[in-house]
There are 2 protein chains.
Amino acid sequence: MAAQPRTNSKKERRQENEKLILAAAEKVFSEAGFGGATMQLIADMAGLPKANLHYYFPTKESLYRQVVENIFQFWLQAADVFDDADDPAEGIGAYIDAKMEISRRHPSGSKVWATEVMHRAPVIQDYLETTLMEWTEGRAAIINRWIAEGRMDPVDPDHLLYMLWATTQHYADFSHQIETLNGGKPLDDAQWEAAKASIKRIILKGIGVTE
Amino acid sequence: MAAQPRTNSKKERRQENEKLILAAAEKVFSEAGFGGATMQLIADMAGLPKANLHYYFPTKESLYRQVVENIFQFWLQAADVFDDADDPAEGIGAYIDAKMEISRRHPSGSKVWATEVMHRAPVIQDYLETTLMEWTEGRAAIINRWIAEGRMDPVDPDHLLYMLWATTQHYADFSHQIETLNGGKPLDDAQWEAAKASIKRIILKGIGVTE
DNA sequence: ACGGTTCCTGACCGTATGGTCAAATTCACG
DNA sequence: CGTGAATTTGACCATACGGTCAGGAACCGT
């Protein structure tokens, strides 16, 4: 009548539980917002007693902070495709693909990020001002170089980046609206491919890049 | 020592108070989310006692519902520019202008809507399924007609609409992020014009419309 | 095997919040 | 005016929530 296999060592269990809690928290925060989420709900979803959550994460805010930071790191890492290309069609195209893939696979994270920013970024304002600012400036420089080399139209890099973020993240943040307009069904494989193709086609053509 | 002019009739006061409460509620909901918002905060911002709010709006949810419905009606009305044109450049261009103007003037409403949809539209699901669905189908039909007439590239109308919504609403929903990346200052007049121009330029060119 | 550390958890607490209510005030209207 | 309806509001209540804590269980190194 052993409840669980209990095969894990203490350190393994710690990592495992933290991952479990963070995953549950991401989902609950994304569905209810910070204020609407309750530690009890997260605990239930993680299958742990509430008091145990407070052992790993002393406060609700510290748990939330960890969730948001993880999302940000994940995005940053996935954005490397932008640098691994020196061709606008390849760089921006791959970036769109990567961000769309994240929107599809990790919609909760995107929603948490969106909510956090909409609420004036109370816990990750420093990230916006440092890491994100630097990243944006670096990518703007790359775009400006492409423009100077005549490989694309002279568009404002900031507004182009906003358009890329907005369009791709929309498929995660507004997935419920899209699903409703799609007859209540989530986009299927073909529809996701069509979405990616549409976005790439319009934006790449729009900035004067011919593949 | 008269506290207030008190010049208003009873019906005027009712309308006035409701407007006051709804405006305060929109702001508080947009900044804190439904769960994070408190009736006390809304009451303070409206300059009324909390109990008075419950006289006009029996529950927090009914107040919230009214806020969201107002936003939706406002958007619908502003979207008429789409129909008043039979040229894609004019129709879509004017639609972008109109939605950007709303993003600039009513960012709170956009944020409330975004949060509501992200949380799976608990109170306005019926609107998504009826009014929004019909509106979307109607606009998709117009776009398809333009395509059939050879006035723009054959793009998927749904994904084009999503791109329009995403890009324009991004300037409201993520205004804080944009402001931070803009050195902590809100976009000024020229920057808003540049944003509109960038979006119109890229999208219109992207769908093969030459003005 | 044993001492110390880490981990787990049920029971509990203080507070904040949505909502109620009844008494008081203001107003519309005959 | 006078009377009833609408409005206003301070005081109050029940509940739900974040967080605490003490005692016990599990585990680790030696």
Side-chain angles (χ1 to χ4, degrees), chain A residues 1-22 24-29 31-68 112 119 122-123, chain B residues 1-22 24-29 31-68 112 119 122-123:
Chain A
M1 198 68 98
Q4 292 286 7
R6 194 63 54 142
T7 58
N8 299 348
S9 81
K10 218 149 192 177
K11 286 213 166 138
E12 279 167 342
R13 275 186 75 80
R14 173 170 265 273
Q15 280 194 333
E16 193 180 305
N17 278 347
E18 279 181 0
K19 199 170 288 186
L20 220 58
I21 294 169
L22 285 168
E26 180 177 304
K27 190 151 203 194
V28 173
F29 282 133
E31 286 173 359
F34 180 82
T38 70
M39 294 298 271
Q40 188 61 63
L41 218 79
I42 297 171
D44 291 349
M45 184 158 296
L48 296 170
K50 189 184 69 154
N52 208 353
L53 262 65
H54 281 100
Y55 175 71
Y56 286 104
F57 299 93
T59 67
K60 185 185 180 184
E61 195 175 311
S62 67
L63 172 55
Y64 175 74
R65 179 174 202 102
Q66 193 63 57
V67 168
V68 177
V112 173
H119 294 0
V123 319
Chain B
M1 201 71 98
Q4 292 286 5
R6 191 70 49 152
T7 59
N8 300 348
S9 80
K10 219 148 189 175
K11 285 211 167 140
E12 280 167 342
R13 275 186 75 82
R14 174 169 264 275
Q15 281 193 333
E16 192 181 306
N17 278 347
E18 279 182 358
K19 199 169 288 183
L20 219 58
I21 294 169
L22 286 168
E26 180 177 304
K27 189 148 203 198
V28 172
F29 282 135
E31 287 173 358
F34 180 82
T38 71
M39 295 298 269
Q40 188 62 63
L41 218 77
I42 296 171
D44 291 347
M45 185 158 296
L48 296 170
K50 189 185 70 157
N52 207 352
L53 261 67
H54 280 99
Y55 175 71
Y56 285 104
F57 299 92
T59 66
K60 184 184 179 184
E61 195 175 311
S62 67
L63 172 55
Y64 175 75
R65 181 176 200 102
Q66 194 60 58
V67 168
V68 177
V112 173
H119 295 0
V123 319

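These figures come from a predicted structure and were not determined experimentally. Computation of the quantities below employed the complete heavy-atom set of this structure, encompassing side-chain atoms and omitting hydrogens, waters and symmetry-equivalent molecules.
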Ion pair check, B:R65 and B:E61, cut-off under 4.0 Å: no
Sugar-phosphate, base or nothing in reach of A:A37, heavy atoms under 4.0 Å: sugar-phosphate
Presence of donor-acceptor pair under 3.5 Å, side chain of B:K60 and base of C:dG19: no
Let me know the distance between [atom1] of [X] and [atom2] of [N], rounded to the nearest Å.
| X | N | atom1 | atom2 | answer |
| --- | --- | --- | --- | --- |
| A:Y56 | D:dG19 | OH | C1' | 18 Å |
| B:Q40 | C:dT17 | CD | C1' | 9 Å |
| B:Q15 | D:dA6 | CD | P | 17 Å |
| A:L48 | C:dT9 | CG | P | 7 Å |
| B:Y64 | C:dG18 | OH | P | 14 Å |
| B:F57 | C:dG18 | CZ | P | 15 Å |

Side chain of B:A51 (C-beta onward), nearest among C:dT17, D:dG10, D:dC28: D:dG10
State whether [X] places a side-chain N or O below 4.0 Å from either non-bridging phosphate oxygen (OP1 or OP2) of [N].
| X | N | result |
| --- | --- | --- |
| A:R13 | C:dT6 | no |
| B:R14 | D:dT7 | yes |
| B:N17 | D:dT7 | no |
| B:Y55 | D:dT7 | yes |

pair B:D44-B:Q40: side-chain heavy atoms closer than 4.5 Å: yes
Contact check, side chains of A:Y64 and A:V112, non-hydrogen atoms, under 4.5 Å: yes
Of B:H54 and B:K11, the one whose closest DNA chain C nucleotide lies more 5': B:H54
Atom NZ of B:K27 with >12 non-hydrogen neighbours under 6.0 angstrom: no
